[in-house]
Peer 1: 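Structure in structure tokens, see below.
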Amino acid sequence: MCYDIKRTCIRSMVIKMQIEQNLTIQQKLQILSDAAKYDVACTSSGIDRRGKAGSIGNTLACGICHSFALDGRCVSLLKILFTNECVFDCKYCINRISNDVKRAAFTPEEVCTLTIEFYRRNYIEGLFLSSGILKNPNYTMDLLYQTLYKLRKEYYFVGYIHVKAIPGADEELIRKTGFLADRMSVNLELPTGDGLRALAPHKTRKTILKPMKQIQTGILENKNELMPYNHAPKFVPAGQSTQVIVGATPENDYQIMSVAEALYKNYALKRVFYSAYVAVNTDSMLPSLPDGPPLLREHRLYQADWLLRYYGFEAAELLSPERPNFNVLLDPKCEWAVRHLEIFPVEVNRADYQTLLRVPGIGVKSAQRIVRARKSAKLDFSDLKRLGVVLKRAVYFITCMGRMQYPIRIEENFITHNLIHSDRKQLYGLQERESFTQMSLFDDFHLTVPPLVEDKKLSALGEL
């Protein structure tokens, strides 16, 4: 009896999804662009491709999707789902089959029309195309392939295209799509297999990682094949990426960063995106978020991810099982530095490039400038400021010609107190005073009555 009721409910939901197909292209766009907002795609295109005679568009290695290019331009993508219909019932997803939401699906021709018309009006510079699972992974992946094929071969669009590879789809479909896309991504979604089993029982880590490995292998093989033939088709030339939802499951920052590090090393990903969990569904297995999405935690993970990719750090250096989460009030590089004061201060006129990269306030470009500039002259603090060093952070960790900018106590409490932004010092003191605050006689945050002026005077005279 229960089985029949469940089957009837699923059938009614499928009918509901089919009924919503009688929509105009504008109505579909409204539904499917809104449904795509939870899929992160703010990334650099990673490739340069000029336009050709008879074709439309080009692509630059600058940023896309509401980000800023190196030359200051703000560039963007048409970011849509092919369909928000889905046969899966992931508890965290707004498009899960058990949700009663408006459903829509484009045709390949409609996606091509929208992309070309938006491009001609200078609204976009490329396309980000994802999708729910319509019928099954193969059927959905084939629709995405048909869309990209039409866009490239019939509409001659050579602009940037980022498309999702559907886990569980046939390898040949993913391979053919890879020769038409600039970037592909497979969303890991939850950091661990336990999280997937709890909130997305239709998905497995093995199914998700399989197309990642295929794309990685395809990119490497294609590069080797292209060595003597630069004009041949390129397979996913801008690489692949993935997305991890932060806060939907109880994994700590150390577990998330360890997973990201493994993905970079084992699957050669270009980017791991972190998406703060947004409570769009009500379910007993989902966390309650009285303070809203963990956006500051997401921000710290992005900062730490940058340290992994460009600064030579490892996840085990930034966090550990004993200290599994980042301090949300201090950026990860500063937090690492104040815990390793034994190696500071460093002399900027002698320190090697990798050591300079570990100094808070010194980035990749400023470290490169320091290495070049000190070949011709000794650098002082005014020179460092001109080279782009953020001295308000760096002064605690560097010397110039053997001297610090001004006398500084190399103590964890003192430096941390000064690094934390002024409007957060009091909050941090109330919450974590045992770790980073130096208490004086009257620094008791639990006093209900403040000490009197007479008491302070007696204390100063040693009479209290």
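Residues take their numbers from the sequence shown, with the count starting at 1. These figures come from a predicted structure and were not determined experimentally.
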Peer 1: Please report the interatomic distance CD1(Ile166) to CD1(Ile133), rounded to the nearest 0.5 Å.
Peer 2: 4.5 Å
Peer 1: Applying side-chain hydrogen bond (donor to acceptor under 3.5 Å, both in side chains) between Ser130 and each of Asn84, Thr83, Asn187, Asp39, report the one that passes.
Peer 2: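 With Ser130 as partner, side-chain hydrogen bond (donor to acceptor under 3.5 Å, both in side chains) holds for just one option, Asp39.
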Peer 1: Check whether the side chains of Tyr264 and Asp305 place a donor and an acceptor atom closer than 3.5 Å, and report yes or no.
Peer 2: yes
Peer 1: Side chains of Glu347 and Asn349: is there a donor and an acceptor less than 3.5 Å apart?
Peer 2: yes
Peer 1: Is it true that Asp380 and Ser382 share a donor-acceptor pair across their side chains at a distance under 3.5 Å?
Peer 2: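 Yes, a side-chain donor-acceptor pair sits under 3.5 Å.
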Peer 1: Can a donor-acceptor pair be found, under 3.5 Å and without considering hydrogens, that links the side chain of Lys203 to the backbone of Ile208?
Peer 2: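 Pair absent, no side-chain N/O of Lys203 close to backbone of Ile208.
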Peer 1: Calculate, to the nearest 0.5 Å, the distance between atoms CG and CZ belonging to Leu180 and Arg175 respectively.
Peer 2: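 One finds 10.5 Å between CG of Leu180 and CZ of Arg175.
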Peer 1: Is the shortest heavy-atom distance from the side chain of Tyr92 to the side chain of Leu286 under 4.5 Å?
Peer 2: yes
Peer 1: Would you confirm whether Asp182, through its side chain, and His162, through its main-chain N or O, come within 3.5 Å as a donor-acceptor pair?
Peer 2: no
Peer 1: OG1/Thr217 to CZ/Phe235 distance, rounded to the nearest 0.5 angstrom?
Peer 2: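 Taking OG1 in Thr217 and CZ in Phe235, the distance rounds to 9.0 Å.
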Peer 1: Are the side chain of Arg393 and the backbone N or O of Pro360 linked by a donor-acceptor pair below 3.5 Å?
Peer 2: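 Looks like no, no N/O pair under 3.5 Å.
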Peer 1: Take Glu412 and Arg339, measure what salt bridge (Lys or Arg N to Asp or Glu O under 4.0 Å) needs, and give me the verdict at the end.
Peer 2: CA-CA 7 Å; Glu412 183 176 347; Arg339 288 193 282 108; over 6 Å; no
Peer 1: Leu356 vs Ile370, test: side-chain contact (heavy atoms from CB on, under 4.5 Å). Steps then yes/no.
Peer 2: CA-CA 9 Å; Leu356 290 173; Ile370 289 171; 3.8 Å; yes
Peer 1: Whether the side chain of Arg372 engages the backbone of Ala367 through a donor-acceptor N/O pair (distance < 3.5 Å, no angle test) should be reported.
Peer 2: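 No; zero donor-acceptor contacts below 3.5 Å.
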Peer 1: Side chains of Gln368 and Lys365: any donor to acceptor distance under 3.5 Å?
Peer 2: no
Peer 1: State the CD1-CG distance between Ile161 and Leu144, to the nearest 0.5 angstrom.
Peer 2: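 If I round to the nearest 0.5 Å, the distance is 11.0 Å.
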Peer 1: Could you tell me whether the side chain of Arg300 and the main chain of Phe326 form a donor-acceptor pair under 3.5 Å?
Peer 2: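 Side chain of Arg300 to backbone of Phe326, a donor-acceptor pair under 3.5 Å: no, none is there.
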Peer 1: Are any of the side-chain heavy atoms of Ser275 and Val244 separated by less than 4.5 Å?
Peer 2: no
Peer 1: Distance from Leu329 atom CG to Leu419 atom CG, nearest 0.5 Å?
Peer 2: 12.0 Å
Peer 1: Would Lys234 pass as a cation-pi partner of Phe179, given that its NZ or CZ must be under 6.0 Å from the six-membered ring centre and within 45 degrees of the axis?
Peer 2: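 Ring-cation test returns no.
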Peer 1: Quickly, which of Val272, Leu269, Ile245, Thr242 forms a side-chain contact (heavy atoms from CB on, under 4.5 Å) with Leu188? Name it, please.
Peer 2: Thr242
Peer 1: Measuring only between side-chain heavy atoms, which start at C-beta, is Leu32 closer than 4.5 Å to Phe82?
Peer 2: no
Peer 1: Tell me whether the guanidinium CZ or amine NZ of Arg358 lies under 6.0 angstrom from the six-membered ring centre of Tyr311 and within 45° of its axis.
Peer 2: no
Peer 1: Between the side chain of Glu221 and the main-chain N/O of Gly218, is any donor-acceptor distance below 3.5 Å?
Peer 2: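 Side chain of Glu221 to backbone of Gly218, a donor-acceptor pair under 3.5 Å: no, none is there.
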Peer 1: Are Met257 and Leu308 close enough that some pair of their side-chain heavy atoms sits under 4.5 Å apart?
Peer 2: yes
Peer 1: After noting the C-alpha distance and the side-chain angles of Leu148 and Leu129, does the key distance pass the side-chain contact (heavy atoms from CB on, under 4.5 Å) rule?
Peer 2: CA-CA 9 Å; Leu148 266 62; Leu129 185 60; 4.1 Å; yes
Peer 1: Does Ile124 reach the side chain of Lys79, with side-chain heavy atoms less than 4.5 Å apart?
Peer 2: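 No, every pair of side-chain atoms sits at 4.5 Å or beyond.
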Peer 1: Of the non-hydrogen atoms in Ala165 and Met184, which two are nearest, and what is the gap between them?
Peer 2: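 The pair with the smallest heavy-atom distance is CB-CE, 3.6 Å.
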Peer 1: Does Lys385 have more than 12 heavy atoms from other residues, nucleotides or ligands lying within 6.0 Å of its NZ?
Peer 2: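 No - once you tally the heavy atoms of other residues, nucleotides and ligands closer than 6.0 Å, there are 12 at most.
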Peer 1: With a 4.5 Å limit on heavy-atom distance, are the side chains of Glu314 and Glu261 in contact?
Peer 2: yes
Peer 1: Which label fits Phe118 and Tyr123: parallel for a plane angle under 30°, tilted from 30 to 60°, or perpendicular past 60°?
Peer 2: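 Rings of Phe118 and Tyr123: perpendicular, over 60°.
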Peer 1: Nearest heavy-atom pair of Gly363 and Leu357: which atoms, and what distance?
Peer 2: O-CD2, 3.9 Å
Peer 1: Which atom names give the shortest non-hydrogen contact between Glu171 and Gln214, and what distance separates them?
Peer 2: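 Heavy-atom minimum between the residues: O-NE2, 2.8 Å.
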Peer 1: List the atom of Arg183, the atom of Ala238, and the distance in Å for their closest heavy-atom pair.
Peer 2: NH2-O, 2.8 Å
Peer 1: Would you say Ile80 and Leu127 make side-chain contact, with heavy atoms under 4.5 Å?
Peer 2: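 In short, these two side chains touch, coming nearer than 4.5 Å.
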Peer 1: Working to the nearest 0.5 angstrom, can you tell me the gap between Leu341 CG and Arg409 CZ?
Peer 2: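 It comes to 12.5 Å.
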Peer 1: Kindly give the heavy-atom pair with the smallest separation between Gln243 and Tyr38, and that separation in Å.
Peer 2: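 Result for this residue pair: NE2-O, 3.2 Å.
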Peer 1: Has the side chain of Thr355 got a donor or acceptor atom that lies under 3.5 Å from a matching backbone atom of Ala351?
Peer 2: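 Not a single qualifying donor-acceptor pair exists.
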Peer 1: Check this for me: does any side-chain nitrogen of one of Asp253 and Arg297 sit under 4.0 Å from a carboxylate oxygen of the other?
Peer 2: yes
Peer 1: Please check if any side-chain donor atom of Ser185 sits under 3.5 Å from a side-chain acceptor atom of Gln240, or the reverse.
Peer 2: no
Peer 1: Take the angle between the ring planes of Trp336 and His340 and call it parallel below 30°, perpendicular above 60°, tilted in between.
Peer 2: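 It falls in the parallel class, under 30°.
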Peer 1: Mark yes or no for whether Asn266, through its side chain, and Ala262, through its backbone, hold a donor-acceptor pair below 3.5 Å.
Peer 2: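 Yes.
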Peer 1: Looking only at heavy atoms, what is the nearest atom pair of Ser131 and Leu81, with distance?
Peer 2: N-CD2, 3.8 Å
Peer 1: Between Leu199 and Met285, is the side-chain contact (heavy atoms from CB on, under 4.5 Å) condition met? List the steps.
Peer 2: CA-CA 7 Å; Leu199 300 185; Met285 298 189 70; 3.9 Å; yes
Peer 1: Any side-chain to backbone donor/acceptor pair from Thr416 onto Asn413? Under 3.5 Å, distance only.
Peer 2: no
Peer 1: Test salt bridge (Lys or Arg N to Asp or Glu O under 4.0 Å) on Arg374 and Asp352 and set out the steps.
Peer 2: CA-CA 11 Å; Arg374 69 188 184 186; Asp352 60 74; over 6 Å; no
Peer 1: Decide yes or no on side-chain contact (heavy atoms from CB on, under 4.5 Å) for Tyr267 and Lys213, but give the supporting numbers first.
Peer 2: CA-CA 6 Å; Tyr267 296 90; Lys213 178 58 72 174; 3.8 Å; yes
Peer 1: Does a side-chain heavy-atom distance below 4.5 Å link Leu379 with Met401?
Peer 2: no
Peer 1: Ignoring hydrogens and angles, tell me if any N or O in the side chain of Asp283 forms a donor-acceptor pair with the backbone of Lys91 under 3.5 Å.
Peer 2: no
